[in-house]
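Take a look at the structure set out below.
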Amino acid sequence: MHDAPGSESALGAPTATPEAADPADVAFAAELAHGAGELLLKLRDELGFEDPKALKAAGDRQADDYLLGRVAAERPGDAVLSEEGKGESGRIGTARLDASRVWIIDPLDGTREYSEAGRDDWAVHVALWQRGLGLTASAVALPAQSVTLRTDETYAVPEALPATPRIAVSRTRPPAEAEAVAAALGAELVPMGSAGAKVMAVVAGTVEAYVHAGGQFEWDSAAPVAVALASGWHATRIDGSPLRYNNADPYLPDLLVCRPDLAASALKAIGAAH
């Protein structure tokens, strides 16, 4: 049987153990993310941007079908938690809660950005959760940037901290917590698209932090968090508690990803804002 949500054993599992990943699983995650990204780029070219709603729907559906089909064919014993709610007993299903291996997938993170011509801040997320290990093999593709980041590659934290740190936030609803951190650090807010693009901007050194408090689900952050943690970046909830995945309810509403040397100050500012 699976652990009850909030049980001692569930809470004791690590967020991620990328060093425990099977290299073949990391390669598979990267191949899946890249392959779905190539499909999405081709679909974008074929359909164009005249009907954003149709492009979003087609992108979500086709990328999800591709990813689930590959997992079913090549990792038939594994469970799946996908944003599109297929490959399991619904988003809040029980099949995955009894599994030892669960792929947490977002086939198209940032559908709005995907449907806008010229935007490259959208992503494909593929993460593997393993019982007792948390997130292991994971990859994030940024197809329009021709980049796929993965947990077996190192993305080092830059030594120098900019005089004015940059904080990635939602394009439409920057949270008050991010504004509090910006005020405390003398930072500027940088509006950006998908969660995956924002976390990868931190990992790439384009921004120094990403603060989110407006509601997310596990598939929004699993793969990006795994990639960030694998290179030593800070990634927790905004109260400093660990991120937990493969829960009965996949709602995971907030996130702080940043340089390790900014974490204490950011968490203090967020706490003071509450």
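For this chain, numbers begin at 1 and follow the sequence in order.
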Grouping I, L, V, M, F, W and Y whenever their side-chain heavy atoms are under 4.5 Å apart, do [X] and [Y] come out in a common cluster?
{"X": "L133", "Y": "W129", "value": "no"}
{"X": "L256", "Y": "V140", "value": "no"}
{"X": "L67", "Y": "L40", "value": "yes"}
{"X": "V203", "Y": "V257", "value": "yes"}
{"X": "L267", "Y": "L185", "value": "yes"}

Approximate separation, where rounding is to 0.5 Å, of [X] [atom1] and [Y] [atom2]:
{"X": "Q216", "Y": "Y251", "atom1": "CD", "atom2": "OH", "result": "9.0 Å"}
{"X": "T111", "Y": "E116", "atom1": "OG1", "atom2": "CD", "result": "9.5 Å"}
{"X": "L43", "Y": "Q62", "atom1": "CG", "atom2": "CD", "result": "5.0 Å"}

(request) Test side chain to side chain contact (heavy atoms under 4.5 Å, CB included) on L97 and N246 and set out the steps. (result) CA-CA 7 Å; L97 300 180; N246 197 37; 4.0 Å; yes
(request) Mind checking side chain to side chain contact (heavy atoms under 4.5 Å, CB included) for A137 and listing every partner two or more places apart, or none if nothing turns up? (result)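 Once residues adjacent in sequence are excluded, the partners of A137 under the side chain to side chain contact (heavy atoms under 4.5 Å, CB included) criterion are A21, D25, V26, L128.
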Please check if the side chain of [X] supplies one atom and the backbone of [Y] the other of a donor-acceptor pair under 3.5 Å.
{"X": "R166", "Y": "V202", "answer": "no"}
{"X": "D220", "Y": "F217", "answer": "yes"}
{"X": "R96", "Y": "N247", "answer": "yes"}
{"X": "E208", "Y": "R259", "answer": "no"}
{"X": "K56", "Y": "S115", "answer": "no"}
{"X": "H125", "Y": "W219", "answer": "yes"}
{"X": "T136", "Y": "A20", "answer": "no"}
{"X": "R119", "Y": "Y114", "answer": "no"}

Are side-chain heavy atoms of [X] and [Y] found at a separation under 4.5 Å?
{"X": "V124", "Y": "L32", "result": "no"}
{"X": "M200", "Y": "Y155", "result": "no"}
{"X": "V181", "Y": "L262", "result": "no"}
{"X": "R171", "Y": "R112", "result": "yes"}
{"X": "T151", "Y": "L135", "result": "no"}

(message) I want to know whether Y210 and W233 have ring centres closer than 6.0 Å.
(response)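 Not close enough - the centres of the two rings lie 6.0 Å or further apart.
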Minimum heavy-atom separation for [X] to [Y], with atom names?
{"X": "R75", "Y": "A24", "value": "NH2-O, 3.5 Å"}
{"X": "A139", "Y": "T148", "value": "CB-CG2, 4.3 Å"}
{"X": "L189", "Y": "A178", "value": "CD2-O, 3.8 Å"}
{"X": "P143", "Y": "G37", "value": "CG-CA, 3.4 Å"}
{"X": "T164", "Y": "G186", "value": "CG2-O, 3.5 Å"}
{"X": "G214", "Y": "H212", "value": "N-NE2, 3.3 Å"}

(request) Using a strict 4.0 Å threshold on nitrogen-to-oxygen distance, state whether D152 and R150 make a salt bridge. (result)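 Judged by the 4.0 Å cut-off on N to carboxylate O distance, D152 and R150 do form a salt bridge.
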(request) Could you check R237 against L243 for side chain to side chain contact (heavy atoms under 4.5 Å, CB included), going step by step and ending with a plain yes or no? (result) CA-CA 6 Å; R237 297 196 60 178; L243 293 151; 3.6 Å; yes
(message) One pair to check against side chain to side chain contact (heavy atoms under 4.5 Å, CB included): V199 and V227. What are the steps and the verdict?
(response) CA-CA 9 Å; V199 176; V227 171; over 6 Å; no
(message) More than 12 heavy atoms of other residues, nucleotides or ligands under 6.0 Å from CD of E46: yes or no?
(response)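 Atom CD in E46 is crowded, with more than 12 foreign heavy atoms closer than 6.0 Å.
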(message) So, using ring-ring contact (aromatic ring centres under 6.0 Å, His included) as the criterion, who are the partners of Y245 when residues are at least two apart?
(response)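 For Y245, no residue satisfies ring-ring contact (aromatic ring centres under 6.0 Å, His included) once neighbours in sequence are set aside.
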(message) Assess the residue pair W122 and R44 against the criterion (side chain to side chain contact (heavy atoms under 4.5 Å, CB included)); give the C-alpha distance rounded to whole Å, side-chain angles, the decisive distance to 0.1 Å, and a yes or no.
(response) CA-CA 12 Å; W122 51 277; R44 222 182 183 199; 3.6 Å; yes
(message) List the residues meeting side chain to side chain donor-acceptor pair (under 3.5 Å) with E188, not counting sequence neighbours, and say none if there are none.
(response)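 E188 satisfies side chain to side chain donor-acceptor pair (under 3.5 Å) with no residue once adjacent residues are dropped.
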(request) Sort out for me which residue in D106, D121, D109 forms a side chain to side chain donor-acceptor pair (under 3.5 Å) with S194. (result)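 Option passing the side chain to side chain donor-acceptor pair (under 3.5 Å) with S194: D109.
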